[in-house]
Asks: 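Have a look at this one.
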There are 2 protein chains.
Amino acid sequence: MPIPDAAEQFPRKGRVTLRDVAALSGVHASTVSKVLSASSETGRIPPVTVDRVLDAARTLGYRPNLLAASLRTSRSFAVGIIVTDISNPTIPMALLAIEKVLAPLGFISVLAHVEPGSPSLVEDVNRLLDRQLDGMILASSATPDIVLDACARASVPTVLMFGLERRPGLSAVIHDERSGVALLADHLLSLGHRRIAHIAGPQALSTGRSRHAAFLEIMASAGLRQEETPVEIAAAYTREAGRAACVRLLGSHRPTAILAAHDLLALGCLDVFRECGVACPAEISVTGFDDIPNMDLINPSLTTVRLDFEGLGNHAAHLLLNAIDGAASEGDVAILQPRLMVRGSTSAI
Amino acid sequence: MPIPDAAEQFPRKGRVTLRDVAALSGVHASTVSKVLSASSETGRIPPVTVDRVLDAARTLGYRPNLLAASLRTSRSFAVGIIVTDISNPTIPMALLAIEKVLAPLGFISVLAHVEPGSPSLVEDVNRLLDRQLDGMILASSATPDIVLDACARASVPTVLMFGLERRPGLSAVIHDERSGVALLADHLLSLGHRRIAHIAGPQALSTGRSRHAAFLEIMASAGLRQEETPVEIAAAYTREAGRAACVRLLGSHRPTAILAAHDLLALGCLDVFRECGVACPAEISVTGFDDIPNMDLINPSLTTVRLDFEGLGNHAAHLLLNAIDGAASEGDVAILQPRLMVRGSTSAI
DNA sequence: CTGAAAGCGCTTACAG
DNA sequence: CTGAAAGCGCTTACAG
């Protein structure tokens, strides 16, 4: 006489599984799966069965184990987002935009901070990839090649934000940095400035490099000499680093305008002006970059260039989805245009 | 004659698994597992074997599938972080602090935005929990009970930020909101103000409620009458909502000071003052709450109360770890003290 | 010290 | 239309 399989009748250990639902509804686990997961077979199951299964699932309070499903299907519906500087207030806007696109499709966002210079960088990224992410968004302007290599090795669809690294299959979304610098430079030149300094961002950041390069090129083609257009490099996109760079700059030069590579660097300049009694914009004009929130309220209000971070995140998410579907052409590049915001920190010479 | 199992010798489909490493190193997969995962048995394996396995893993470029490991061990090393308002610049600081604690321990942060009023709220949270998260941090001051219920049902260790809901096993970390309001109120009272208005935050937010309640209580105990201490409720912690609330307030009252429930609400007040030609602080003083970055630079610079968001995230992460280990007493509460920042937007009457 | 087996909870061809 | 089996890639008692 066979021993009745009574144990099968009740959920063990408190966890309700597919089998428990199957047992209660009197069908096989595979049938339950077909009902519950929206597969191609879902349609072919008669309403009676569907109802029985649904009822059982409800009474048991069944919740699927998505880890198990992912293991089976090799689809995790998880994307990794790598950032370095979340304290920069523009990053959260981009993150939010990314999630607005991805979340309704069932994707979760795994946020990972990385120190670009960290010795464990590659291992950190690999640990992340070990979780079988469906895609990766590199939302850092300090993404070293070794990170791109790691993503490529894992053959995970990847989108690069802020930087434009040309690689087969790598999509990228960036602001037109050159055009942003040009907008500001033209504004200052049209106000009559001829001694224009640049406080550059860290050259380890792609935005730092491209804004710097654009500055040099535009000033040269405007016919200004190098002595008229000194450059000081800031250690980070922070107010403090901007302050330090400005102090160094004013130690040896007397520009009539400073084109800073970031709003926070410009704020650092304003700190110096205040401490040293320099009138802004009367004596020195200053411009920012990014247009972080509330810069219209400071004194003087900050002339800057507005970047569309929401658009950036939005595009990145869509490019990633394309890459994941394998549908559209990978290696797409989206370039967003900045917009000049003229405020109080600049004036005619 | 048995067919030789040649297929076992080579990685199939490009994915390198434990078995591939086992095949190459000439040991069983279980041995490979013992070597590679830092288990209790790792120590008992002779160096020769360890080396062979490690070599094989390296030459094959083996990476473990963490999904599979999680399924087996019921530990995902993933924590969910639920936020509503990442555009509020204080949230990212807390997120960063959380990750600084959790990431070195191998945990990833799954970031999920939720709309508190969304009809799909519970389902969204459940979908997240379906991923077998090891813990949950509710970093939103608008966490409805149904979310707490969902976490409790899934019996996942949970930490509540910003709010203080007393539940068995629920840890919480908050700022001392009452003390923050008291700091500001005392400051205004000591400057001689007697007609002090409050622009409250949304009452759906726990911070909105507690600051509001503290305001009423403190004003009453200072002996001020209700007509002297009007309250206007803002629709959100945004500059726009602050502007609107301020307009409504000034339509019927003439306070000498406004205690706003958030810096951004105070900024909205400044907008109104500018538009209406009200001199601040000469005619009306205004105070903020939170001390978002760069508020010393605006004109007038903002008197406010500084909250320690880094500490908040740090504590939340540690409380969560305790709850996950099941070690320490769950249901702990950490309360952080705010700090008054006196600046230019307040003056004697 | 190492191997063989079982199983985490799903899904998916494949039969019937 | 439904069931039985196999398997995703790991880990963990359990033998030997």
Side-chain angles (χ1 to χ4, degrees), chain A residues 5 7-8 11-23 25-53 56-57 60 62-77 129-132 134 154, chain B residues 5 7-8 11-23 25-53 56-57 60 62-77 129-132 134 154:
Chain A
D5 199 356
E8 270 314 308
R12 302 129 301 173
K13 303 179 220 158
R15 239 221 152 275
V16 180
T17 72
L18 258 196
R19 298 153 100 101
D20 300 317
V21 178
S25 52
V27 299
H28 191 87
S30 60
T31 306
V32 175
S33 172
K34 284 164 198 160
V35 171
L36 262 28
S37 62
S39 79
S40 58
E41 313 220 36
T42 314
R44 269 178 251 156
I45 299 182
V48 217
T49 313
V50 170
D51 285 350
R52 277 236 306 282
V53 170
L60 290 178
Y62 170 74
R63 297 291 329 178
N65 181 330
L66 258 36
L67 249 37
S70 290
L71 179 60
R72 183 56 232 251
T73 60
S74 330
R75 285 277 261 144
S76 64
F77 283 93
L129 292 168
D130 288 346
R131 292 174 188 260
Q132 316 301 116
D134 284 344
Chain B
D5 200 355
E8 270 314 309
R12 301 128 303 171
K13 304 180 218 158
R15 238 221 153 276
V16 179
T17 72
L18 258 196
R19 297 156 101 100
D20 300 318
V21 177
S25 52
V27 299
H28 191 87
S30 61
T31 306
V32 175
S33 172
K34 284 164 198 158
V35 171
L36 261 29
S37 62
S39 81
S40 59
E41 312 220 34
T42 315
R44 269 178 252 156
I45 299 183
V48 218
T49 313
V50 170
D51 286 349
R52 278 236 305 282
V53 169
L60 290 178
Y62 171 73
R63 297 289 330 178
N65 182 329
L66 257 37
L67 249 37
S70 292
L71 178 60
R72 183 56 232 252
T73 60
S74 329
R75 284 279 260 142
S76 64
F77 283 93
L129 293 168
D130 289 346
R131 292 174 187 260
Q132 315 300 118
D134 284 344

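What you see is a predicted model, and the numbers here were worked out from it, not measured in a lab. All chains are named by letter (A, B, ...) in the order of the sequence lines, taking the proteins before the strands, and each is independently numbered beginning at 1.
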Asks: Indicate every side-chain donor-acceptor pair of residues 45-52 of chain B with a distance under 3.5 Å to a residue at least two apart or in another chain.
Replies:
unit_1, atom_1, unit_2, atom_2, d
Arg52(B), NE, Ser25(B), O, 3.0
Arg52(B), NH2, Ser25(B), O, 3.1

Asks: Counting side-chain heavy atoms from CB outward, which of dT2(C), dT11(D), dG9(C) is closest to Thr31(B)?
Replies: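 Looking only at heavy atoms from C-beta outward on Thr31(B), the closest nucleotide is dT2(C).
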Asks: From Leu67(A) CG over to Arg72(B) CZ, what is the distance, rounded to the nearest 0.5 angstrom?
Replies: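 So the CG of Leu67(A) and the CZ of Arg72(B) are separated by 14.0 Å.
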Asks: Taking CG from Leu67(B) and C1' from dG9(D), how many angstroms apart are they, rounded to a whole number?
Replies: 10 Å
Asks: In this structure, how many angstroms lie between the P atom of dT11(D) and the CZ atom of Phe77(B), rounded?
Replies: 12 Å
Asks: Among dT11(D), dT2(D), dT11(C), find the nucleotide with the atom closest to the side chain of Ala69(A).
Replies: dT11(C)
Asks: Check the distance between dC1(C)'s P and Arg52(B)'s CZ and give it to me in whole angstrom.
Replies: 14 Å
Asks: How long is the line joining CG of Leu71(B) and P of dG9(D), in whole Å?
Replies: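 Whole-Å distance recorded here is 12 Å.
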Asks: Is a donor-acceptor pair below 3.5 Å formed from side chain Ser30(A) to base dA5(D), judging by atom type as modelled?
Replies: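 Under the 3.5 Å cut-off, the side chain and the base do not form any donor-acceptor pair.
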Asks: Just to verify, what does Arg63(B) make a salt bridge (charged side-chain N to carboxylate O under 4.0 Å, His left out) with, not counting sequence neighbours?
Replies: Glu123(A), Asp130(A)
Asks: How far apart are the C-alpha atoms of Leu18(B) and Leu36(B), what are their side-chain angles, what is the distance that settles it, and do they pass the side-chain contact (heavy atoms from CB on, under 4.5 Å) test?
Replies: CA-CA 9 Å; Leu18(B) 258 196; Leu36(B) 261 29; 4.2 Å; yes
Asks: Measure the shortest side-chain to side-chain distance between Thr17(A) and Asn65(A) over non-hydrogen atoms and say whether it is less than 4.5 angstrom.
Replies: no
Asks: Could I get the full list of side chain to side chain donor-acceptor pair (under 3.5 Å) partners for Ser30(A), not counting sequence neighbours?
Replies: none
Asks: Between dA4(C) atom P and Arg19(B) atom CZ, what is the distance in whole Å?
Replies: 12 Å
Asks: Take the protein atom CG of Asn65(B) and the nucleotide atom P of dC8(D), then report the distance between them rounded to whole Å.
Replies: 11 Å
Asks: Return the value, rounded to whole Å, for the distance between atom CZ of Arg72(B) and atom C1' of dT11(D).
Replies: 4 Å
Asks: Who pairs with Ala69(A) by side-chain contact (heavy atoms from CB on, under 4.5 Å), at least two apart in sequence or on another chain?
Replies: none
Asks: Nearest to the side chain of Lys34(B), which nucleotide is it out of dT2(D), dT2(C), dG9(C)?
Replies: dT2(C)
Asks: ring-ring contact (aromatic ring centres under 6.0 Å, His included) with Phe77(B): which residues, sequence neighbours excluded?
Replies: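 In terms of ring-ring contact (aromatic ring centres under 6.0 Å, His included), with neighbours along the sequence ignored, Phe77(B) is linked to Phe107(B).
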Asks: Which part of the nucleic acid, if any, lies within reach of Arg63(A) when heavy atoms closer than 4.0 Å are counted: base, sugar-phosphate only, or nothing?
Replies: sugar-phosphate
Asks: Dot-bracket for DNA chain D: what is it, with Watson-Crick or G-U pairs under 3.5 Å, [ ] where a pair crosses earlier ones, and | for a pair to another strand?
Replies: |||.||||||||.|||
Asks: Find which nucleotide of DNA chain D each of Ala68(B) and His28(B) is nearest to by heavy atoms, and output the residue with the more 5' nucleotide.
Replies: Ala68(B)
Asks: Of the options dG9(D), dC10(C), dA13(D), whose atoms approach the side-chain atoms of Arg15(B) most closely?
Replies: dG9(D)
Asks: From CG of Leu66(B) over to C1' of dC8(C), roughly how many Å is that when rounded to an integer?
Replies: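 In whole Å, dC8(C) C1' lies 15 Å from Leu66(B) CG.
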Asks: Kindly point out which of dT2(C), dT12(C), dG9(C) is positioned nearest to the side chain of Thr49(B)?
Replies: dT2(C)
Asks: Among dG9(D), dG9(C), dC1(C), find the nucleotide with the atom closest to the side chain of Pro46(B).
Replies: dC1(C)
Asks: Nearest to the Ser33(A) side chain among dT12(C), dG9(C), dG3(C), which nucleotide is it?
Replies: dT12(C)
